[in-house]
Structure formats: C-alpha cells, structure tokens
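Note that ligands are numbered from 1 as they come in the structure, with each ligand's atoms numbered from 1 the same way.
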Amino acid sequence: MADGQERFAPRSEEDISRVRTELHSKNTIRSNKKAATILRAYLIEKSQNSNFEEFDTVQLNEVLSHFYMDLRKANGEKYKVTSLENIRHSLNMYLQSPPFNRTFDLIKGLEFSESNINFRAVLAELKREGKGAIDHHAVIKDADLQKLYSSVFLSPKTPSGLFNKIFDMFDVSKKFYEMPEQVKKVYAKQGATSIHGWIAREIEKSDPASPVADLKEAFNFQILDDESDIDYFRECHHLIGQKGNNSSLRSLYYPPLSSGVKSGQMRCGEHSDFGTITLLFQDDAGGLQVKLPNGDYIPADPIPDTVLVNLGDLMQRWTADKLVATKHRVVFPEDLKSTKGRQSFAFFVQADDEVVIECLDKSNKYEPMTSLDYLNMKFNTIY
Ligand SMILES: O=C(O)CCC(=O)C(=O)O
Ligand SMILES: [Fe+2]
C-alpha cells in the first residue's frame, strides 16, 4: 500500500455528515421509497412475504432473481434499461439507509451474483428489443418541457410578458437541477464550442485568471426555430431564432451552500459576456455585482419587474471601445450560513454568425472577424 494511504482511513465528522445528507436528500428518498413500493407490490402479487426489509441475503437474492426477470410497469409494459438500473440502485440505497441500515450491497455483493446475472440478462434482452435508449420521461415531463419551450419562444413581445414567462421557468428549471447527476449528464453540452446543453458544477471558469472554476451549474438553450420570423433590432441580428445565429438562453443554478466552497471560489467569477447585449433575469437571492470604471464593485440587486441589460464584448469590439462591456460577477452572500440557492436566466444576444465585426469608426483597432469566429475564440478561453 502506498505511503500515507490507510486501508481504513477514518472519515471526518463533516465528511460523514456530507455523505449522509447526500444519501438522504429529498429526491433520493422519494425514488428509494418508490422502488421499495414496486418490490413490495410484486411480492404481494405473488402472495409472498412482503417484508423484504427483514430478509437475509439468501432470501433477498432469491426474490430479486425473479423480480428483475418479471418486472413490468403497472400498464404491463417493460421498463427501459435506465429505469431498471435506477430501481436496483434505489432499492440498494433504501435498504442501506436508516432505519434498516443493511450492510450488504445489492449491486456489488457476491451474495447477489445470481440475481445480478439475471439482471444483466434482462438488460441485454431489453437492448436487443430497442429499449436500451434513455428513458427521457424520467428526466423532465413533456408538459414541463412544453412549458419551457413555449415560455421562451412564443410570446416574448413585451418586457413584462417576457419577464413573467421567464419566472414560470424558474420552477421548471429547478426541477432539472435537482435531478441526479447521471440524468443531467444525458443533456450535457458537447465540447467547448457547442452551445446547447447542461454544464456541470466547477467546469466553467468565467474568470480565466482564477485558479478555481465557478461553483454553479448552467443550461444553455440554443434557439433553433426554423419557422419563426422574429425580427430583432438590426439587420445583423435578423437571424435570431433561426440557424445562423448563436443567441442563446441560459438557465443558471447556484446551489445552496454546503461546506464545499473552495478558497477564492465564487458563484460566478469576474467576466463580461461575449455577445452584443445580455438580458438578465434574477430571482430575489442577490449576489450579482457590476464593476465601475474605477474598479470598485457595486451590488446589482434584483429590482422587481426589471430586466438587467449588460453590454457584451462583441459590442465593445464593434464600437472600438466607445461602448465598454460591463464586467460583472456573482458573489456568495456575506452570511455563508444562512445562504440559499440562487437562480437566474441570461439571454445572450449574438450577431448573426456570418456578420463581419469591423470597427464601426473605421479605426481598425480590432481586426475584422465574423461574429461566429469571435464567439468560438471566446469559448476557448473558459472551458
Ligand atoms: O447569474 C447571474 O446573475 C449572472 C450570470 C452571468 O453573468 C453569466 O452567465 O454570464
Ligand atoms: Fe455574465
């Protein structure tokens, strides 16, 4: 064993409490109970003893060998692979958690080899039948998704309409962030220059000079609506809402504080946005700050019914620094103990991809480049 590594390294109280909290988060408890209900219903239907919490490993292995094979939804349909995996995982956690505190492992334990052989056989069969695909319904309900899309795209004609719609989305969005990591991964953004998708915690470094990445999650919605003919404020932006323009809506989630804040870490490090302008919608948690020309930061606390507009880097380049992009950041509340989570939405307005951004005053202070090349160059600095 390598120096300094103990086989049974003692865990700190803090670590134990963190693991316990994770284990017992509300959503986890809910899915654990659901899996237990499914197994109980199965045992009752088979006229067997349904107090499986008290079974020894031999009894459990025997029951699970059949359960995995026979398992069907209430309507008789087969579960998809991911749902089956979730049920087995949740059952395992259910039995390992208080009040049962069972010390075996249904997934890795040798005592459960037989049931797990059956489990894998069922998965292989499901994959052959084309049920290997991820079950998207588990992630976010169709109705919620519909609400999400229609809120953004259908009626953003007036500032207050846009604002109300956005506020509907805080709830929908939070449901997503509270899902398990493995579910959110399915929607992850692919690579530094793609836009659409989920970005996990501590991936993005808004301030490239910072040694630590931001403690936040985000979801960018790339707006690709072929049929819409939304005319925005200038010819250079006339493709917003269609292919050829990379404007995007980003949902941001700053988790409630646990003990894990690193030294120097922020909710969102100092930066300016990349595009022309950004429309920012915040909840009431506060923490956003903007930088004054003298370098001081002042709070930009939320004002009811108000959308905050930030000028972005592209506009600064375009105007040869006549207009200056607003540097901003999101800090933790001063009283770290009382902190709650924070949510915001940012709509990043970009010029159409092929628009050549050339200094409008003809100074050529910055070399001409297309809006898309500029955006990609910026993305490469933060991932
Ligand atoms: O969450 C906020 O209020 C600001 C987020 C932000 O600045 C960004 O994503 O660029
Ligand atoms: Fe920003």
Side-chain angles (χ1 to χ4, degrees), residues 152 162-163 166-167 169-171 173-174 176-177 189 192-210 212-223 246-257 261 265-292 297-317 323-334 339-350 374-383:
V152 188
L162 183 57
F163 191 81
I166 288 284
F167 266 79
M169 293 174 61
F170 275 81
D171 278 348
S173 201
K174 191 150 185 241
F176 176 80
Y177 291 120
K189 177 170 121 56
T193 56
S194 78
I195 289 188
H196 188 86
W198 174 67
I199 299 143
R201 292 175 199 187
E202 302 189 78
I203 294 291
E204 191 172 288
K205 216 191 246 185
S206 295
D207 175 1
S210 165
V212 276
D214 301 340
L215 188 50
K216 71 168 185 225
E217 292 176 46
F219 198 111
N220 298 335
F221 300 85
Q222 187 168 21
I223 299 178
N246 271 302
S247 297
S248 61
L249 179 71
R250 160 177 268 204
S251 144
L252 286 136
Y253 177 66
Y254 304 95
L257 281 192
V261 178
Q265 191 167 36
M266 294 204 179
R267 278 195 153 151
C268 180
E270 172 178 302
H271 68 285
S272 41
D273 298 340
F274 302 156
T276 327
I277 57 164
T278 303
L279 308 180
L280 189 69
F281 305 80
Q282 346 175 28
D283 69 6
D284 60 6
L288 178 68
Q289 297 184 333
V290 293
K291 199 174 190 177
L292 298 177
Y297 264 102
I298 53 163
D301 286 337
I303 303 169
D305 291 339
T306 305
V307 181
L308 188 139
V309 180
N310 268 331
L311 198 96
D313 298 332
L314 188 94
M315 194 66 123
Q316 175 163 348
R317 187 181 177 103
L323 299 178
V324 179
T326 328
K327 290 262 188 243
H328 54 283
R329 65 185 185 189
V330 183
V331 298
F332 293 110
E334 272 165 26
T339 187
K340 49 178 188 161
R342 178 175 186 274
Q343 281 183 268
S344 64
F345 278 88
F347 184 72
F348 299 110
V349 178
Q350 308 289 345
Y374 182 72
L375 185 62
N376 287 337
M377 183 181 87
K378 290 301 241 179
F379 276 139
N380 282 329
T381 66
I382 59 165
Y383 293 112

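- Between E217 and R201 there is a salt bridge, since at least one side-chain N of the basic residue sits less than 4.0 Å from a carboxylate O of the acidic one.
- Using modelled atom types and a 3.5 Å distance limit, the side chains of S206 and K216 yield a donor-acceptor pair.
- For a heavy-atom separation below 4.0 Å, the residues in contact with ligand 1 are R250, L252, Y254, H271, D273, L280, L288, H328, V330, R342, S344, F348.
- A salt bridge links R250 with E204; the closest basic N to acidic carboxylate O contact falls under 4.0 Å.
- Listed by chain and residue number, D321, V324, A325 satisfy the side chain to side chain contact (heavy atoms under 4.5 Å, CB included) test with Q316 (two or more places apart in sequence, or in another chain).
- With respect to L249, the side chain to side chain contact (heavy atoms under 4.5 Å, CB included) criterion is satisfied by exactly one of F347, F219, F348: F347.
- With salt bridges taken as basic N to acidic carboxylate O contacts below 4.0 Å, none links D283 and K340.
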List the steps, then state whether side-chain hydrogen bond (donor to acceptor under 3.5 Å, both in side chains) holds for Y253 with S344.
CA-CA 7 Å; Y253 177 66; S344 64; over 6 Å; no

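- N246 meets the side chain to side chain contact (heavy atoms under 4.5 Å, CB included) test with I195, Q222, Q350, D353, L372, L375; sequence neighbours excluded.
- Electrostatic pairing of R329 and D207 does not count as a salt bridge here, judged by no charged N lying under 4.0 Å from a carboxylate O.
- Here the protein contributes H271 NE2, D273 OD1, H328 NE2 as N, O or S atoms under 2.8 Å from the Fe ion (ligand 2).
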